[in-house]
Protein chains: 2
Amino acid sequence: MTTARASAAPEPSGDGTAGRRGRGGGAGTKGVPRALREEQILAAALEEFGRHGHAAASMAEIARRVGVTKPMLYTYFGSKDGLYTACVDHIGPRLRAAIEEAMASGPEREALPRAVLAAVFDTLQDCRHAWFVLYDRTLPHDSAPWQAARRHRAAVDGLAAAGTAALLQAEGNDDALDADALKHVWTGTVSALVGWWIAHPELSAGDMTARWSRLVAAVRTGA
Amino acid sequence: MTTARASAAPEPSGDGTAGRRGRGGGAGTKGVPRALREEQILAAALEEFGRHGHAAASMAEIARRVGVTKPMLYTYFGSKDGLYTACVDHIGPRLRAAIEEAMASGPEREALPRAVLAAVFDTLQDCRHAWFVLYDRTLPHDSAPWQAARRHRAAVDGLAAAGTAALLQAEGNDDALDADALKHVWTGTVSALVGWWIAHPELSAGDMTARWSRLVAAVRTGA
DNA sequence: CCTTGGTAAATTACTGAGAGGTCACATCCA
DNA sequence: TGGATGTGACCTCTCAGTAATTTACCAAGG
């Protein structure tokens, strides 16, 4: 299906004196294979959806960022909800796998949150807004994107739940609601850190992890 | 301006055999003074905007919840952005005042977050979604609602900043970025708790505060 | 080597629905 | 009567979604 033939697509894109083409910017193919275009569209959509939310994001704007027109998005992804769902299906498993790997590498109890955060930052370093595609409170209830996001969040949060529940049980707390609330506080903390990271583009994933360690140290000894 | 005259408005609303009116549900006044209607609209708008976000919320739906038609909303608030701004101007100062009062009553350093949270939960108990009107990441950049929300958040966050900065400095950390990040983590924690509270309507503000205390205790001694 | 058809990659131009916003008019109370 | 409260109908514009068409590439076949 992929039939990836060219190493790097020519993509004159914008050049007025189009290379081998007579008319600059006409209809026809630009030599970009479908698989590659899908990746480009997905990347642009992750950013737009993450930045503005499902409702405020516009298909035309996503197409414009890619350097393509709307019908391409619809031939490749069917609908706005289809594209959003594809975004969720793209970033969800990647986050889940990264977190699973971080947890499986068996850090000590105390360093586990740090390891998970490092995995999250590492996964999001080139698409930081993608986090908020998964954690968008404004998705229309029961829509396809809502269900997809819910499913993938459950997978990610399940890992968090394991850690937080163990922590509470170690203190003799078996309240299921407490565990659920603490899980939410954890994902909320991750959201806050990712949101802050977006506002500081110059910082690397490693910078963020280091900062987290410093904050935890301060809060644990102080407070 | 208020001229609140009636103790409780009659509001037949929906009753086919309207009380004293010939035509059921016609045009004319329903005896609800402007100030009261504005409160009703504001309450409905806070819920709708908080639940669905600025873009996905619809003026028609807000009007329907109040039992009124769209032109009323525009007569009273001018525009969608005007209504959103009014929501922000309504909840922002209330939250700020509550937090200020909680901090001014001088709890010990350690109990300060708990006191602030109690104030927040108390303020939001009848309009929990309102928090997300203030903290909506999807507001169109530089729009009037965005600026208003930013301003009020700054006021609320400023109080948080005082606490977090003091905490870090006590540990010998003077990094301004660390303080800013910790402030965001704090507001993210509040957001997470409020979001979780929305999913558990049966819990009171007091329940939430107690739960917070339990979680903090577990996390501090453990982890 | 050059046509030639088939397929993949794109675009232009359009439609339709829904939501923001407005206007003229209706009703009620003082 | 006049101002406050309120509605029905309408306008307009954006945006999701679609149909028809156009161009480029690629492989055979003459």
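Order of the sequence lines sets the chain letters (A, B, ...), proteins ahead of strands, with each chain counted from 1. This structure is a prediction, so every number in the text was calculated from the model and none was measured.
Atom NZ in B:Lys70 sits about 14 Å away from atom P in D:dC10, given to the nearest Å. Distance A:Leu36 CG to C:dA8 P: 17 Å, rounded to the nearest Å. If you measure from atom CZ of A:Phe77 to atom P of D:dG17, you get 14 Å, rounded to the nearest angstrom. What separates CD of B:Glu61 from P of C:dG18 is a distance of 14 Å, to the nearest Å. Rounded to an integer number of Å, the gap from CD1 of B:Ile41 to P of D:dT7 is 10 Å. Rounded to whole Å, atom P of D:dA20 lies 18 Å from atom OH of A:Tyr74. Going from atom CZ of B:Arg64 over to atom P of C:dA19 covers 12 Å, rounded to whole Å. In this structure, B:Ile62 atom CD1 and C:dA19 atom P are separated by 12 Å, rounded to whole Å.
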Collect all protein-nucleotide pairs involving nucleotides 11-14 of chain D in which both atoms are nitrogen or oxygen and the distance is under 3.5 Å.
none

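In this structure a side-chain-to-backbone donor-acceptor pair under 3.5 Å is present from B:Asp175 to B:Asp178. Between the side chain of A:Lys30 and the main chain of A:Val68, no donor-acceptor pair closer than 3.5 Å is present. When atom types are taken as modelled, the side chain of B:His184 and the backbone of B:Asp180 share no donor-acceptor pair closer than 3.5 angstrom. Remark: the backbone N or O of B:Ser143 is not paired with any side-chain donor or acceptor of B:Asp81 at under 3.5 angstrom. Using a distance-only test at 3.5 Å, with no hydrogens or angles considered, a donor-acceptor pair links the side chain of A:Tyr84 to the main chain of A:Val133.
Taking the charged nitrogens against the carboxylate oxygens, B:Arg151 and B:Asp89 do have a contact shorter than 4.0 Å, which makes a salt bridge.
Within residues 79-90 of chain A, the residues having any heavy atom under 4.0 Å from DNA chain D are, by residue number, A:Ser79, A:Lys80.
Looking at the side chain of A:Met72, the nearest of the listed nucleotides C:dA10, D:dG6, D:dA9 is C:dA10. Proximity note for B:Thr29 (side chain, C-beta onward) versus C:dT27, D:dA16, C:dA10: the nearest is C:dT27.
Within 4.0 Å (heavy atoms only), A:Met59 reaches sugar-phosphate atoms of the nucleic acid but no base atom. Backbone-only contact: B:Ser58 has heavy atoms under 4.0 Å from sugar-phosphate atoms and none from a base. Across all strands shown, A:Ala57 has heavy atoms under 4.0 Å from sugar-phosphate atoms exclusively, and none from any base.
Between B:Pro140 and B:His54, the shortest heavy-atom contact is CD-ND1, 4.0 Å.
Applying the 4.0 Å criterion to OP1 and OP2 of D:dA4, one finds that B:Arg37 has every side-chain N and O outside that range. Side-chain N/O atoms of A:Lys30 include one lying less than 4.0 angstrom from OP1 or OP2 on C:dT11.
A search for salt bridge (Lys or Arg N to Asp or Glu O under 4.0 Å) contacts involving B:Glu61 returns B:Arg64, not counting sequence neighbours.
Within the cation-pi definition used here (under 6.0 Å to the ring centroid, within 45° of the axis), A:Arg153 qualifies as a partner of A:Tyr135.
Screening B:Phe132, B:Phe121, B:Trp131 against B:Trp197 for a ring-ring contact (aromatic ring centres under 6.0 Å, His included) leaves a single residue, B:Phe121.
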